[in-house]
Amino acid sequence: MAHVFITGGTGFIGSHMVRRLAAEGHRITALVRSQSRFNAIFKQTDGDMPPSLSAINGDLTQQALGLSPSDRELLLTADVIIHAGGPMDILLNKQQAKQVFLDAAEHLTLLADHLHKSGQLRHFIHVVGFKSPVTEQNINEQAAILKLLEHESPYERMKITADLHIRQQAKRSGYSLSVVNPSVIIGDSVTGNTEQTGGLGILIASARRKLMGTVPGGPKHWLPLVHVDHTAAFIAALVSEQQPTSDTYYLLDEQNASPNMTELIRLINKELRVPAPIGSISLSLLGKLLGTRIGSKLGIPGQSLSFIASKPFPLQSTRHIQQKHALYASVNHSILPHVIADLDYRLSHGLNGRPDFERNRRGPLATLENAGSGHPILLLPGTFSGADCLLPLAAELKGRQVWVADLPGFGRSPYHHSASVIEGHVQAIMEAIASQQEPVTLIGHSYGALLAAKVMERMPSHHIGAVRLLQPVLHPANSRYKSSMANRLLLPHVTENRLRKELLARGCFEHPNEIPDSYIRFAREELSSPRVRATLADTQAALTRAEHFRLQPESWNTRQTNIIWGTKEPVYTIPEAYSGIQTTLLPYGHHFPVSHPAETAKLLLQSGI
């Protein structure tokens, strides 16, 4: 096994690499600026750091990496260097870009040269952008390369100059250098979680503002993509090479196997529920436009156009390693809607999360999950909510395995695109449950409780162990919401103050101090997404129609199903047809799972879930 010294180990790519390398038994020493961030990312659930992982404090921009003498001694036992450090910030100025790229490259090659002379270094792996024009064949043509970079942003210019420096030093010293050129990195191939909002996120941010009415470049251009877990697996394969050869590896699909720019923008706009693009615009004209005053108002960095490609890349070396180590080579196209929804969510809410809940996916539903015992509990939120809003309740179900889902079109779950918004939600939940081998306990709140009841009636009993309906919506809503179009027009204008007043007026909360600030903030941030606004508008309209409430409570298993009802509810009632269902009353408003999570969890656990 190797002793790997890695830079950028807490970044989007680096954190996946560290986990992969640790799982394969390698020893990893990471250069970090923040020990606490490293600990937060890699500590296991029992609070202990895996013995194969350690971090040393330093700085790539400083001489000798800013290391203490003892930490520098530790590095002298490393036999593999992975340089994946450097921010994903295309707006860096010249001085900033020089420090984080070129200065860092100079400091690392000094270390590599020292390790090579001592006979310790086996492999240097440099991770750099796929648009670098530097190759093994032209590394002595520095003037020509620098000429090519004259019109590039400082970010691209310094990143590529650093690539050139590392290649030149490796050839001069004689150690093996692998240059890994990942394309635009997106979330993992299973869940689509994309922590880095640059790259593809720039297009999604523009589409959210309905600025993707035309396609940059058109069908002859493409945006090469690669999954972060595939990138980590490829680099781990290079680490395992006992006799590595110097080479360049482009991580991307064949051009004809990737969506072109027209197909990609159509997909993004479809998933964000904004109008499809009409026509295309040349990159040269778009670049000129973005450089004007009009372009600055659009808020689209002109530097982002450099990620769009129009030619194929040499993939022979990459395919050799992938085939040798049986690695996945292609983007999972079915996961792209999840990638888009995840980035849309992050652009609305930022990157905050809870370390005790892991982002996952069950069928078409994005979930937040914790570890625990017993059959999994699947929590379904209502409207103006999401998985985040039910995390306090989930955390109170101590010791139990809980999956909190985002409904399709909300939070991190892509929209289902069915003709009926409610039917699409029901089908998605059924698919999520059916994808699991063990039965789930199904708990829904408000609209989520209506969906839970519909799912319970349709699915075989062996899929569902118990059902708990928290303040279920069992009859049509006020007709004021019957127009989806009117709802869409009103939702962008909902302020936090207006939302608070409406929630109090409708009895969702009894007192203002019951409304968590985090709930109001989440609901308002959700409405910054056109995808969420459209889904919510359609859901509100559908809930005014009686045909969506044709349930058969007389057929329900009364030992399996309970209703928990807040008596301070002034809008909805429990229809007489449900009088045979065991009901527990609470002196709270409609949103009691949000306002009183501990009390709700206690009742749920007492009910025998």
Side-chain angles (χ1 to χ4, degrees), residues 375-383 385 390 393 405 407 418 420-434 439-479 481-482 506-508 539-593 600-601 603-609:
H375 293 312
I377 296 171
L378 178 60
L379 279 176
L380 304 175
T383 58
S385 289
L390 293 182
L393 170 59
L407 298 177
S418 297
S420 165
V421 61
I422 292 181
E423 183 61 23
H425 284 156
V426 172
Q427 291 297 327
I429 296 165
M430 292 174 64
E431 185 179 337
I433 294 173
V440 303
T441 295
L442 192 55
I443 301 175
H445 170 234
S446 188
Y447 171 56
L450 171 66
L451 296 175
K454 287 176 172 288
V455 168
M456 173 187 64
E457 286 190 346
R458 298 193 198 181
M459 293 204 77
S461 58
H462 66 269
H463 282 299
I464 300 174
V467 179
R468 299 293 180 265
L469 308 178
L470 312 180
Q471 211 71 9
V473 175
L474 297 172
H475 60 78
N478 193 301
S479 61
Y481 302 112
K482 67 180 180 180
R506 295 174 59 185
C508 294
T539 304
Q540 287 178 308
L543 288 174
T544 66
R545 299 198 290 272
E547 65 263 27
H548 294 302
F549 297 88
R550 292 171 185 160
L551 298 172
Q552 299 176 321
E554 67 278 2
S555 67
W556 292 2
N557 184 336
T558 55
R559 291 177 298 176
Q560 178 190 42
T561 311
N562 287 9
I563 293 174
I564 301 179
W565 189 263
T567 59
K568 302 298 182 179
E569 164 74 73
V571 176
Y572 291 99
T573 60
I574 304 177
E576 180 63 26
Y578 298 86
S579 60
I581 307 303
Q582 180 179 337
T583 301
T584 302
L585 303 180
L586 289 174
Y588 304 131
H590 187 94
H591 275 42
F592 65 82
T600 305
L603 270 180
L604 287 170
L605 293 171
Q606 289 175 346
S607 73
I609 62 170

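Not one N or O on the side chain of Gln471 forms a donor-acceptor pair closer than 3.5 Å with the backbone of Pro593. Although no hydrogens or angles enter the test, the distance criterion places no donor-acceptor pair under 3.5 Å between the side chain of Glu457 and the main chain of Leu551. For the pair Arg468 (side chain) and Ser607 (backbone), a donor-acceptor distance under 3.5 Å is present. Side-chain atoms of Ser446 do not come within 3.5 Å of backbone N or O of Pro472 as any donor-acceptor pair.
Annotation: side-chain contact (heavy atoms from CB on, under 4.5 Å) contacts of Thr583 (sequence neighbours excluded): Ile563, Trp565, Ile574, Leu585. Contacts of Glu576 classified as side-chain contact (heavy atoms from CB on, under 4.5 Å), with partners at least two apart in sequence or in another chain: Ser579. Scanning for salt bridge (Lys or Arg N to Asp or Glu O under 4.0 Å) contacts around Lys482 gives an empty result, with sequence neighbours left out. Not counting sequence neighbours, Arg506 has no partner by the side chain to side chain donor-acceptor pair (under 3.5 Å) test. Glu547 meets the side chain to side chain donor-acceptor pair (under 3.5 Å) test with Arg545; sequence neighbours excluded. Partners of Ser420 by side-chain contact (heavy atoms from CB on, under 4.5 Å), not counting sequence neighbours, listed by chain and number: Ile422, Glu423, His548. Annotation: salt bridge (Lys or Arg N to Asp or Glu O under 4.0 Å) contacts of Glu554 (sequence neighbours excluded): none. Residues satisfying the side chain to side chain donor-acceptor pair (under 3.5 Å) test with Gln540, not counting sequence neighbours, are none. Contacts of Thr573 classified as side chain to side chain donor-acceptor pair (under 3.5 Å), with partners at least two apart in sequence or in another chain: none. Residues satisfying the ring-ring contact (aromatic ring centres under 6.0 Å, His included) test with Phe549, not counting sequence neighbours, are none.
Applying the ring pair (Phe, Tyr, Trp, His ring centres under 6.0 Å) test to pairs two or more places apart or on separate chains, those with a residue in residues 439-479 are His425-Tyr447, His445-His590, His445-His591, His475-Tyr572.
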